[in-house]
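Step one of this worksheet: look at the structure below.
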2 protein chains.
Amino acid sequence: MEIKEIFRDKGLRLTLQRRAILEALQGQGFKTALELFQEVNRLHPGINFSTLYRNLELFVQTGLICRLKGPEGALYGLRRISKHHHHAVCKMCGAAYPLSRCPLEDMGEELQRLGFTVTEHCFEVYGICENCRDHMEEVSRC
Amino acid sequence: MEIKEIFRDKGLRLTLQRRAILEALQGQGFKTALELFQEVNRLHPGINFSTLYRNLELFVQTGLICRLKGPEGALYGLRRISKHHHHAVCKMCGAAYPLSRCPLEDMGEELQRLGFTVTEHCFEVYGICENCRDHMEEVSRC
DNA sequence: GTATCTGCAAAGGGTTTGCGTTCGA
DNA sequence: TCGAACGCAAACCCTTTGCAGATAC
């Protein structure tokens, strides 16, 4: 079990709540804290928002999940790729497609010319994925 | 007067409060709502947060200013370039340097291959500008 | 004169924190 | 056993809203 080992290595406890949160994060979709709260509580009623937020923060720090700042708030999803990357996120189903390049790769020269030292950056793309677009067309045919 | 005309064209009134907010936005720095609130009230005591937020929203819609979602919250600054662009923002002084390219220009092919239709995107770079870095070095010499 | 805009006060959404209790290792 | 993690409640920050009065045009 990989998760179990990650937790043990860091001296973290694998509680019922943490299992439930990780379970709710399965799948390729990115979800809001509210969606995760509802999903987690469907599986294990009684889990608190504070527990959810504390653990999401922990999982981000641990590198288990990614947090995106979408147009309508934070989104959380499993981190499947260990190297630095960005996402194209579907606004309908939450699916996140990793992008192959980081825009900073191409902007080093321009930023250097400006004398600008980068400490942080964000790049995310939002829209409609192929599946959802096809489904929309089906619906609109009715 | 350019502003006056823009306002007249849209049927908007050029109130004392709006003048003060636009005045506080002068300069190349991007500022938080709180910083603008303080600046505006230094110039004209009594201006309310609701007035500030309502007008910032209005100015964004009108295209007079840009709103960025920085790591520590929203930032507002004059929109000097009418075409679509992104910024490198200094975390110390707020100065925003427009970047010459939009990363989406290079990603069209990849996104098309995914069948992904883009509706929104964000790209911002944060760090330290040349001036502030030089100043930091001075300070650290003491 | 009148629709637009303001200040006020209150509510809203999303997230965080302190504290006493519970539970995993 | 005992410190890490939990639930609860309350606070927090930033932003938005409804309304009655003020003001630009």
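Lettering follows sequence order; numbering is per chain, from 1.
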For this session: Indicate yes or no for a side-chain donor-acceptor contact from Lys91(A) to the backbone of Thr119(B) under 3.5 Å, with no hydrogens or angles considered.
Result: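 Absent.
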For this session: Give a yes or no answer on whether the side chain of His87(B) reaches the backbone of His85(B) with a donor-acceptor pair at less than 3.5 Å.
Result: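 Pair absent, no side-chain N/O of His87(B) close to backbone of His85(B).
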Exercise. What nucleic acid atoms does Leu14(A) come within less than 4.0 Å of, heavy atoms only: base, sugar-phosphate, or nothing?
Worked result: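 Sugar-phosphate, backbone atoms only, no base.
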Interatomic distance, [X] [atom1] vs [N] [atom2] [rounded to whole Å]:
X        : N       : atom1 : atom2 : result
Arg19(A) : dC6(D)  : CZ    : P     : 12 Å
Lys69(B) : dC14(D) : NZ    : P     : 16 Å
Leu58(B) : dT16(D) : CG    : P     : 13 Å
Lys4(B)  : dC25(D) : NZ    : P     : 8 Å
Leu16(A) : dA5(D)  : CG    : C1'   : 12 Å

For this session: If you link ILVMFWY side chains whenever their heavy atoms are less than 4.5 Å apart, which other residues fall into the same cluster as Phe30(B)? By chain and number, please.
Result: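 Via sub-4.5 Å side-chain contacts, Phe30(B) links to Leu68(B), Leu75(B), Val89(B), Tyr126(B).
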Problem set entry | Side-chain hydrophobic cluster, 4.5 Å single linkage: members besides Leu114(A) | Tyr97(A), Leu99(A), Leu104(A), Met107(A), Leu111(A), Phe116(A), Val118(A), Phe123(A), Val125(A), Tyr97(B), Leu99(B), Leu104(B), Met107(B), Leu111(B), Leu114(B), Phe116(B), Val118(B), Phe123(B), Val125(B)
Exercise. Between residues 33-55 of chain B and DNA chain D, which residues have a heavy-atom gap below 4.0 Å?
Worked result: Ala33(B), Ser50(B), Tyr53(B), Arg54(B)
Exercise. With Glu35(B), which residues qualify under salt bridge (Lys or Arg N to Asp or Glu O under 4.0 Å), at least two apart?
Worked result: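 Expected list: none.
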Exercise. Considering heavy-atom distances to DNA chain D, does Arg13(B) or Gln17(A) have its closest nucleotide positioned more toward the 5' end?
Worked result: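 So the residue in question is Gln17(A).
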Seminar exercise, completed: Across all chains, not counting sequence neighbours, the ring-ring contact (aromatic ring centres under 6.0 Å, His included) partners of Phe59(A) are none
Problem set entry | Whether Tyr53(B) and Phe49(B) hold their rings parallel, tilted or perpendicular, with breakpoints at 30° and 60° | parallel
Exercise. Going 5' to 3' on DNA chain C, which nucleotide is the first and which the last to come under 4.0 Å of a heavy atom in chain A?
Worked result: dG14(C) to dA25(C)
For this session: Output the distance between atom CG (Leu58(A)) and atom CZ (Arg54(A)), rounded to the nearest 0.5 Å.
Result: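 Nearest 0.5 Å value for the CG-CZ distance: 11.5 Å.
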